[in-house]
Amino acid sequence: MAPTIFLLLALLSIAESTADKGSGLKLELIRRRVSPGNVSPMVAKSQIWPETSEFIVKIAVGTPSTEVHAILDTGSDLFWAQCRPCVKCYQQTNPIYDPSKSSTFRTLSCKSPQCHLRGSGAACSGTDTCKYDYGYESGSTQGELATEKMAVTSRSGATTSFPEVVFGCGHNNSGTFNANEMGLIGFGRGAISFVSQIGPSVGGRKFSLCLMPYNTDPRISSSLSIGSGSEVQGPGVITAQLVRVSHQTYYSLTLTGISVGKTLVPYSMSGPLAKGNTILDTGTPQTLLPKELYGRLAAEVRRHIPSKPIDDTLCYKDNLGDLVMTLHFDGDVDLRLSTVQTFNKMPDGSFCFTAMGVDDNDALIGNSMMANFLVGYDIDNMTVSFKSTDCTKIG
Ligand SMILES: *[C@@H]1O[C@H](CO)[C@@H](O)[C@H](O)[C@H]1NC(C)=O
Ligand SMILES: *[C@@H]1O[C@H](CO)[C@@H](O)[C@H](O)[C@H]1NC(C)=O
(Lines give C-alpha, C1' and ligand atoms only; values in the text may rest on other atoms or scores of the structure.)
(Ligands and ions follow the chains in the order given, each with its own letter.)
Protein backbone atom coordinates (compact mmCIF):
# COMPACT_ATOMS: atom_id res chain seq x y z
CA MET A 1 0.00 0.00 0.00
CA ALA A 2 1.47 3.28 -1.06
CA PRO A 3 1.90 5.88 1.64
CA THR A 4 0.05 9.11 1.41
CA ILE A 5 2.28 11.45 -0.48
CA PHE A 6 2.05 15.00 0.57
CA LEU A 7 3.86 17.83 -1.06
CA LEU A 8 3.93 21.39 0.05
CA LEU A 9 5.18 23.80 -2.51
CA ALA A 10 6.52 26.86 -0.80
CA LEU A 11 5.20 29.50 -3.09
CA LEU A 12 6.42 32.98 -2.50
CA SER A 13 3.65 35.46 -2.54
CA ILE A 14 5.32 38.10 -4.61
CA ALA A 15 2.51 40.56 -4.70
CA GLU A 16 -0.95 40.64 -3.29
CA SER A 17 -3.77 42.39 -5.03
CA THR A 18 -7.49 42.42 -4.67
CA ALA A 19 -9.34 40.95 -7.60
CA ASP A 20 -9.13 43.05 -10.68
CA LYS A 21 -12.50 42.87 -12.33
CA GLY A 22 -12.23 40.71 -15.39
CA SER A 23 -8.85 39.12 -14.91
CA GLY A 24 -8.92 35.42 -14.27
CA LEU A 25 -6.93 33.12 -11.99
CA LYS A 26 -4.75 30.13 -12.82
CA LEU A 27 -4.11 27.91 -9.83
CA GLU A 28 -2.48 24.59 -9.25
CA LEU A 29 -4.11 21.54 -7.78
CA ILE A 30 -2.30 18.92 -5.78
CA ARG A 31 -3.36 15.33 -6.10
CA ARG A 32 -3.82 13.60 -2.83
CA ARG A 33 -3.86 9.85 -2.56
CA VAL A 34 -6.14 8.33 0.02
CA SER A 35 -5.30 5.05 1.69
CA PRO A 36 -7.98 2.34 1.69
CA GLY A 37 -8.94 2.87 5.33
CA ASN A 38 -10.34 6.21 4.26
CA VAL A 39 -12.37 4.96 1.34
CA SER A 40 -16.05 4.55 2.05
CA PRO A 41 -16.99 0.89 2.58
CA MET A 42 -19.31 0.92 -0.41
CA VAL A 43 -16.40 1.69 -2.69
CA ALA A 44 -13.92 -0.57 -0.95
CA LYS A 45 -15.90 -3.77 -1.05
CA SER A 46 -16.90 -3.93 -4.67
CA GLN A 47 -13.51 -3.67 -6.33
CA ILE A 48 -9.84 -3.77 -5.66
CA TRP A 49 -8.95 -0.18 -4.98
CA PRO A 50 -5.61 -0.05 -3.22
CA GLU A 51 -5.92 3.70 -3.17
CA THR A 52 -7.90 6.42 -4.72
CA SER A 53 -7.48 10.12 -5.24
CA GLU A 54 -8.76 13.60 -4.68
CA PHE A 55 -7.55 16.95 -5.98
CA ILE A 56 -6.68 19.67 -3.50
CA VAL A 57 -6.82 23.48 -3.79
CA LYS A 58 -4.82 25.71 -1.45
CA ILE A 59 -6.51 28.80 -0.09
CA ALA A 60 -5.19 31.30 2.44
CA VAL A 61 -7.97 31.98 4.94
CA GLY A 62 -8.02 34.92 7.38
CA THR A 63 -5.72 37.66 8.65
CA PRO A 64 -3.03 36.57 9.35
CA SER A 65 -3.82 33.67 7.08
CA THR A 66 -3.97 29.93 7.60
CA GLU A 67 -3.35 27.88 4.48
CA VAL A 68 -6.32 25.56 4.00
CA HIS A 69 -6.00 22.55 1.70
CA ALA A 70 -9.48 21.68 0.50
CA ILE A 71 -10.85 18.93 -1.74
CA LEU A 72 -12.07 20.39 -5.02
CA ASP A 73 -15.64 19.20 -5.46
CA THR A 74 -17.92 20.00 -8.39
CA GLY A 75 -20.60 17.85 -6.72
CA SER A 76 -21.36 20.27 -3.84
CA ASP A 77 -21.52 24.00 -3.12
CA LEU A 78 -20.29 24.88 0.34
CA PHE A 79 -16.68 25.71 1.15
CA TRP A 80 -15.96 24.60 4.69
CA ALA A 81 -12.83 24.12 6.71
CA GLN A 82 -12.19 22.48 10.06
CA CYS A 83 -12.47 25.27 12.58
CA ARG A 84 -11.60 25.81 16.25
CA PRO A 85 -13.07 25.23 18.75
CA CYS A 86 -13.67 21.64 17.65
CA VAL A 87 -16.70 19.77 18.91
CA LYS A 88 -15.40 16.97 16.79
CA CYS A 89 -12.67 17.36 14.20
CA TYR A 90 -11.01 14.48 12.40
CA GLN A 91 -7.26 14.29 12.70
CA GLN A 92 -5.49 16.95 10.66
CA THR A 93 -1.74 17.32 10.02
CA ASN A 94 -1.56 21.09 9.60
CA PRO A 95 -2.84 23.53 12.24
CA ILE A 96 -6.61 23.86 12.35
CA TYR A 97 -7.89 27.31 11.36
CA ASP A 98 -8.71 29.36 14.45
CA PRO A 99 -11.14 32.25 13.82
CA SER A 100 -10.32 33.87 17.18
CA LYS A 101 -6.84 34.60 15.76
CA SER A 102 -8.14 36.27 12.60
CA SER A 103 -9.12 39.93 12.48
CA THR A 104 -11.28 39.48 9.36
CA PHE A 105 -13.56 36.66 10.56
CA ARG A 106 -17.27 37.60 10.96
CA THR A 107 -20.03 35.15 11.75
CA LEU A 108 -23.26 35.67 9.82
CA SER A 109 -26.58 36.16 11.53
CA CYS A 110 -29.74 34.44 10.43
CA LYS A 111 -31.04 37.80 9.27
CA SER A 112 -28.24 38.19 6.76
CA PRO A 113 -29.19 37.37 3.16
CA GLN A 114 -25.79 35.65 2.78
CA CYS A 115 -26.94 33.08 5.34
CA HIS A 116 -29.59 31.96 2.89
CA LEU A 117 -27.62 31.68 -0.34
CA ARG A 118 -28.64 28.64 -2.29
CA GLY A 119 -26.64 25.60 -1.32
CA SER A 120 -25.64 26.90 2.10
CA GLY A 121 -27.28 24.21 4.21
CA ALA A 122 -28.27 26.97 6.68
CA ALA A 123 -30.17 25.70 9.71
CA CYS A 124 -31.50 28.72 11.57
CA SER A 125 -34.07 27.60 14.11
CA GLY A 126 -34.11 29.38 17.44
CA THR A 127 -30.76 31.08 17.23
CA ASP A 128 -29.38 34.25 15.77
CA THR A 129 -26.18 32.65 14.51
CA CYS A 130 -26.32 31.27 11.00
CA LYS A 131 -25.61 27.63 11.71
CA TYR A 132 -25.25 25.12 8.90
CA ASP A 133 -25.50 21.38 8.57
CA TYR A 134 -24.09 19.76 5.44
CA GLY A 135 -23.98 16.07 4.62
CA TYR A 136 -22.26 13.92 2.03
CA GLU A 137 -22.63 10.25 1.13
CA SER A 138 -19.73 9.54 3.42
CA GLY A 139 -19.54 12.31 5.98
CA SER A 140 -20.96 15.50 7.40
CA THR A 141 -19.98 18.91 8.72
CA GLN A 142 -21.75 21.29 11.11
CA GLY A 143 -20.77 24.75 12.25
CA GLU A 144 -21.60 28.35 11.49
CA LEU A 145 -21.52 30.32 8.28
CA ALA A 146 -19.16 33.25 8.34
CA THR A 147 -17.36 35.62 6.04
CA GLU A 148 -13.62 35.75 5.84
CA LYS A 149 -10.86 37.14 3.70
CA MET A 150 -9.59 34.50 1.26
CA ALA A 151 -6.57 34.62 -1.00
CA VAL A 152 -5.31 32.36 -3.75
CA THR A 153 -1.88 32.26 -5.33
CA SER A 154 -1.66 31.82 -9.08
CA ARG A 155 0.99 29.77 -10.87
CA SER A 156 2.70 33.04 -11.74
CA GLY A 157 3.16 33.73 -8.02
CA ALA A 158 0.65 36.57 -7.83
CA THR A 159 -1.77 36.47 -4.92
CA THR A 160 -5.35 37.64 -5.35
CA SER A 161 -7.57 38.22 -2.36
CA PHE A 162 -11.31 38.37 -1.91
CA PRO A 163 -12.54 40.33 1.12
CA GLU A 164 -15.74 38.64 2.30
CA VAL A 165 -16.22 35.11 1.10
CA VAL A 166 -18.98 33.13 2.81
CA PHE A 167 -17.73 29.80 4.13
CA GLY A 168 -18.53 27.20 6.75
CA CYS A 169 -16.52 27.25 9.95
CA GLY A 170 -16.84 23.53 10.70
CA HIS A 171 -16.79 22.53 14.37
CA ASN A 172 -18.26 19.04 14.03
CA ASN A 173 -16.78 17.19 11.06
CA SER A 174 -16.59 13.56 10.22
CA GLY A 175 -16.24 11.33 7.20
CA THR A 176 -13.70 9.71 4.97
CA PHE A 177 -11.30 12.64 5.03
CA ASN A 178 -7.60 12.12 5.56
CA ALA A 179 -5.27 14.17 7.74
CA ASN A 180 -4.08 16.31 4.82
CA GLU A 181 -7.58 17.35 3.79
CA MET A 182 -8.55 20.35 5.88
CA GLY A 183 -11.96 20.86 4.33
CA LEU A 184 -13.79 20.80 1.06
CA ILE A 185 -14.37 23.51 -1.50
CA GLY A 186 -17.63 23.34 -3.42
CA PHE A 187 -17.49 24.38 -7.08
CA GLY A 188 -21.15 23.54 -7.79
CA ARG A 189 -23.67 25.84 -9.50
CA GLY A 190 -25.27 27.04 -6.25
CA ALA A 191 -24.97 30.69 -5.20
CA ILE A 192 -22.80 29.87 -2.19
CA SER A 193 -20.16 27.94 -4.14
CA PHE A 194 -16.71 29.48 -4.27
CA VAL A 195 -16.87 29.99 -8.04
CA SER A 196 -20.33 31.61 -7.83
CA GLN A 197 -19.07 34.02 -5.16
CA ILE A 198 -15.76 35.09 -6.70
CA GLY A 199 -16.73 34.59 -10.38
CA PRO A 200 -18.18 38.08 -10.92
CA SER A 201 -14.89 39.68 -9.83
CA VAL A 202 -12.67 37.51 -12.07
CA GLY A 203 -14.61 37.70 -15.34
CA GLY A 204 -17.52 35.30 -14.88
CA ARG A 205 -18.85 32.28 -13.09
CA LYS A 206 -16.77 29.76 -15.02
CA PHE A 207 -13.70 27.63 -14.50
CA SER A 208 -11.71 24.89 -16.15
CA LEU A 209 -9.88 21.89 -14.81
CA CYS A 210 -7.19 19.69 -16.28
CA LEU A 211 -6.71 16.67 -14.02
CA MET A 212 -3.74 14.32 -14.22
CA PRO A 213 -4.21 10.62 -14.85
CA TYR A 214 -4.05 8.48 -11.74
CA ASN A 215 -0.50 7.17 -12.03
CA THR A 216 1.15 10.53 -12.75
CA ASP A 217 3.96 11.64 -10.44
CA PRO A 218 2.05 13.45 -7.67
CA ARG A 219 4.66 16.20 -7.63
CA ILE A 220 3.27 17.42 -10.93
CA SER A 221 0.31 19.62 -10.19
CA SER A 222 -2.96 19.70 -12.09
CA SER A 223 -4.57 22.96 -13.21
CA LEU A 224 -7.52 25.03 -12.15
CA SER A 225 -8.38 28.22 -13.98
CA ILE A 226 -11.17 30.51 -12.78
CA GLY A 227 -12.88 33.36 -14.59
CA SER A 228 -11.72 34.96 -17.79
CA GLY A 229 -9.17 32.87 -19.63
CA SER A 230 -10.74 29.64 -18.41
CA GLU A 231 -12.89 29.19 -21.52
CA VAL A 232 -12.32 25.91 -23.33
CA GLN A 233 -12.56 26.75 -27.00
CA GLY A 234 -11.06 25.98 -30.40
CA PRO A 235 -10.66 22.95 -32.61
CA GLY A 236 -11.48 19.58 -31.10
CA VAL A 237 -13.67 21.04 -28.36
CA ILE A 238 -16.90 19.21 -27.56
CA THR A 239 -19.51 21.36 -25.87
CA ALA A 240 -22.64 20.08 -24.16
CA GLN A 241 -25.59 22.05 -22.81
CA LEU A 242 -26.15 21.34 -19.12
CA VAL A 243 -29.59 20.10 -18.10
CA ARG A 244 -31.50 22.14 -15.51
CA VAL A 245 -32.48 19.62 -12.88
CA SER A 246 -34.24 20.27 -9.57
CA HIS A 247 -30.92 19.99 -7.74
CA GLN A 248 -29.33 23.41 -8.29
CA THR A 249 -25.83 22.23 -7.41
CA TYR A 250 -25.10 19.71 -10.09
CA TYR A 251 -23.51 19.82 -13.52
CA SER A 252 -25.95 17.42 -15.13
CA LEU A 253 -26.03 15.81 -18.55
CA THR A 254 -28.23 13.11 -20.02
CA LEU A 255 -26.22 9.96 -20.71
CA THR A 256 -27.99 7.86 -23.35
CA GLY A 257 -25.47 5.05 -23.60
CA ILE A 258 -21.84 3.97 -23.62
CA SER A 259 -20.13 2.32 -26.58
CA VAL A 260 -17.39 -0.25 -26.15
CA GLY A 261 -15.62 -0.26 -29.48
CA LYS A 262 -18.52 -0.22 -31.91
CA THR A 263 -21.00 -1.94 -29.60
CA LEU A 264 -23.57 0.35 -28.00
CA VAL A 265 -24.61 -0.37 -24.42
CA PRO A 266 -27.80 1.69 -23.89
CA TYR A 267 -28.24 3.43 -20.54
CA SER A 268 -31.57 1.79 -19.94
CA MET A 269 -33.18 -1.37 -21.32
CA SER A 270 -36.59 -0.39 -19.98
CA GLY A 271 -38.52 2.85 -19.84
CA PRO A 272 -37.59 6.39 -20.81
CA LEU A 273 -34.38 8.12 -19.78
CA ALA A 274 -34.50 10.68 -16.99
CA LYS A 275 -33.20 14.04 -18.21
CA GLY A 276 -30.00 14.96 -16.42
CA ASN A 277 -29.35 11.40 -15.25
CA THR A 278 -25.59 11.95 -14.93
CA ILE A 279 -23.48 14.42 -12.95
CA LEU A 280 -19.84 15.43 -13.24
CA ASP A 281 -18.24 15.12 -9.81
CA THR A 282 -14.55 15.81 -9.24
CA GLY A 283 -14.93 14.95 -5.54
CA THR A 284 -15.47 11.26 -6.33
CA PRO A 285 -12.62 9.26 -7.88
CA GLN A 286 -14.63 6.46 -9.53
CA THR A 287 -17.44 6.66 -12.03
CA LEU A 288 -20.60 5.25 -10.45
CA LEU A 289 -23.19 3.59 -12.71
CA PRO A 290 -26.54 1.96 -11.95
CA LYS A 291 -25.80 -1.72 -11.21
CA GLU A 292 -27.82 -3.03 -14.10
CA LEU A 293 -26.06 -0.76 -16.63
CA TYR A 294 -22.70 -1.56 -15.07
CA GLY A 295 -23.34 -5.29 -15.47
CA ARG A 296 -24.06 -4.97 -19.19
CA LEU A 297 -21.10 -2.64 -19.68
CA ALA A 298 -18.67 -4.85 -17.76
CA ALA A 299 -19.65 -7.89 -19.85
CA GLU A 300 -18.96 -5.91 -23.02
CA VAL A 301 -15.61 -4.63 -21.72
CA ARG A 302 -14.53 -8.21 -20.87
CA ARG A 303 -15.49 -9.30 -24.38
CA HIS A 304 -13.35 -6.58 -25.93
CA ILE A 305 -10.15 -7.02 -23.90
CA PRO A 306 -7.83 -9.74 -25.16
CA SER A 307 -6.38 -10.81 -21.79
CA LYS A 308 -8.13 -12.38 -18.79
CA PRO A 309 -9.18 -10.20 -15.82
CA ILE A 310 -7.83 -10.84 -12.31
CA ASP A 311 -10.44 -13.02 -10.57
CA ASP A 312 -13.93 -11.58 -11.05
CA THR A 313 -12.82 -7.94 -11.11
CA LEU A 314 -12.29 -5.65 -14.04
CA CYS A 315 -8.59 -5.41 -13.25
CA TYR A 316 -6.01 -6.71 -15.71
CA LYS A 317 -2.31 -7.48 -15.44
CA ASP A 318 -1.66 -6.04 -18.89
CA ASN A 319 -2.76 -5.95 -22.51
CA LEU A 320 -5.91 -3.89 -22.53
CA GLY A 321 -5.57 -3.71 -26.29
CA ASP A 322 -6.57 -0.36 -27.72
CA LEU A 323 -9.96 -0.27 -26.12
CA VAL A 324 -11.95 2.82 -27.06
CA MET A 325 -15.14 3.66 -25.22
CA THR A 326 -17.53 6.50 -26.00
CA LEU A 327 -19.90 8.28 -23.66
CA HIS A 328 -23.01 9.32 -25.59
CA PHE A 329 -24.86 12.32 -24.22
CA ASP A 330 -28.12 13.82 -25.40
CA GLY A 331 -27.67 16.42 -28.13
CA ASP A 332 -25.25 14.29 -30.20
CA VAL A 333 -22.40 14.86 -27.77
CA ASP A 334 -19.99 11.92 -27.96
CA LEU A 335 -16.99 11.82 -25.69
CA ARG A 336 -14.33 9.36 -26.77
CA LEU A 337 -12.36 7.76 -23.95
CA SER A 338 -9.07 5.91 -24.18
CA THR A 339 -7.68 3.54 -21.56
CA VAL A 340 -6.11 6.60 -19.84
CA GLN A 341 -9.63 7.51 -18.69
CA THR A 342 -11.18 4.06 -18.39
CA PHE A 343 -8.38 2.24 -16.54
CA ASN A 344 -6.22 3.38 -13.64
CA LYS A 345 -2.72 2.01 -13.41
CA MET A 346 -2.40 0.70 -9.86
CA PRO A 347 0.78 0.73 -7.74
CA ASP A 348 1.19 -3.03 -8.34
CA GLY A 349 1.22 -2.41 -12.10
CA SER A 350 -2.25 -3.79 -12.81
CA PHE A 351 -4.97 -1.80 -14.53
CA CYS A 352 -8.42 -1.41 -12.97
CA PHE A 353 -11.61 -0.15 -14.61
CA THR A 354 -12.56 3.33 -13.38
CA ALA A 355 -16.31 2.65 -13.16
CA MET A 356 -18.31 0.54 -10.73
CA GLY A 357 -21.94 -0.39 -10.14
CA VAL A 358 -24.04 1.16 -7.36
CA ASP A 359 -27.65 1.05 -6.16
CA ASP A 360 -28.83 4.20 -7.87
CA ASN A 361 -30.79 5.07 -10.99
CA ASP A 362 -28.47 7.95 -11.80
CA ALA A 363 -24.84 8.00 -12.83
CA LEU A 364 -21.85 10.01 -11.65
CA ILE A 365 -18.71 10.62 -13.67
CA GLY A 366 -15.77 10.67 -11.30
CA ASN A 367 -12.44 12.42 -11.59
CA SER A 368 -10.51 9.45 -13.06
CA MET A 369 -12.69 9.42 -16.15
CA MET A 370 -12.08 13.15 -16.69
CA ALA A 371 -8.28 12.79 -16.61
CA ASN A 372 -6.42 14.35 -19.51
CA PHE A 373 -9.42 16.36 -20.58
CA LEU A 374 -9.42 20.11 -20.19
CA VAL A 375 -12.99 20.50 -18.91
CA GLY A 376 -14.61 23.94 -18.92
CA TYR A 377 -17.60 24.53 -16.66
CA ASP A 378 -19.62 27.64 -17.44
CA ILE A 379 -22.40 28.38 -14.97
CA ASP A 380 -23.63 31.53 -16.72
CA ASN A 381 -23.88 29.83 -20.12
CA MET A 382 -24.95 26.44 -18.67
CA THR A 383 -22.38 24.56 -20.74
CA VAL A 384 -19.58 22.15 -20.16
CA SER A 385 -16.81 21.75 -22.73
CA PHE A 386 -14.23 19.01 -23.14
CA LYS A 387 -10.91 19.09 -24.93
CA SER A 388 -8.56 16.14 -25.02
CA THR A 389 -5.34 17.50 -23.46
CA ASP A 390 -2.09 16.25 -21.98
CA CYS A 391 -2.61 17.77 -18.53
CA THR A 392 1.09 17.41 -17.63
CA LYS A 393 1.83 20.01 -20.31
CA ILE A 394 -0.59 22.70 -19.21
CA GLY A 395 0.79 25.47 -17.06
C1 LIG B 1 -21.97 16.13 15.47
O2 LIG B 1 -22.40 15.59 14.21
C3 LIG B 1 -22.94 14.30 14.30
C4 LIG B 1 -23.22 13.81 12.88
O5 LIG B 1 -24.11 14.65 12.21
C6 LIG B 1 -24.20 14.34 15.18
O7 LIG B 1 -24.74 13.05 15.30
C8 LIG B 1 -23.83 14.87 16.56
O9 LIG B 1 -24.99 15.02 17.34
C10 LIG B 1 -23.13 16.22 16.43
N11 LIG B 1 -22.64 16.62 17.74
C12 LIG B 1 -22.95 17.80 18.31
C13 LIG B 1 -22.41 18.04 19.66
O14 LIG B 1 -23.62 18.64 17.73
C1 LIG C 1 -21.30 32.62 -23.14
O2 LIG C 1 -22.39 33.45 -23.37
C3 LIG C 1 -22.02 34.78 -23.74
C4 LIG C 1 -23.27 35.62 -23.76
O5 LIG C 1 -24.37 34.90 -24.19
C6 LIG C 1 -21.30 34.74 -25.08
O7 LIG C 1 -20.91 36.01 -25.47
C8 LIG C 1 -20.05 33.87 -24.90
O9 LIG C 1 -19.39 33.72 -26.14
C10 LIG C 1 -20.40 32.51 -24.36
N11 LIG C 1 -19.16 31.84 -24.02
C12 LIG C 1 -18.86 30.65 -24.49
C13 LIG C 1 -17.54 30.10 -24.05
O14 LIG C 1 -19.59 29.99 -25.19
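All residue numbers in this chain count up from 1 along the given sequence. Ligands are counted one by one from 1 in listed order, and the atoms in each one are counted from 1 as well.
Within a 4.0 Å radius of atom 7 (O) of ligand 1, the protein contributes no heavy atom. For atom 2 (O) of ligand 1, the nearest protein heavy atom is under 4.0 Å away.
Closest to atom 11 (N) of ligand 1 by heavy atom, among Asp133, Thr141, Val87, Asn172, is Asn172.
Atoms of ligand 1 lying under 4.0 Å from at least one heavy atom of Ser140, given by number and element, are 4 (C), 5 (O).
Of all the heavy atoms of Gln142, the ones lying under 4.0 Å from any atom of ligand 1 belong exclusively to the side chain.
In this structure, a donor-acceptor pair under 3.5 Å is absent between the side chains of Ser230 and Ser225.
Following chains of ILVMFWY side-chain contacts shorter than 4.5 Å, one cannot reach Val243 starting from Ile238, and the two form parts of different hydrophobic clusters.
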Stepwise disulfide bond (SG atoms under 2.5 Å apart) check, Cys89 with Cys86: CA-CA 6 Å; Cys89 291; Cys86 290; 2.0 Å; yes
Steps toward disulfide bond (SG atoms under 2.5 Å apart) verdict (Cys115, Cys110): CA-CA 6 Å; Cys115 173; Cys110 281; 4.7 Å; no
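The aromatic rings of Phe353 and Phe343 lie tilted to each other, with the angle between the two planes from 30° to 60°.
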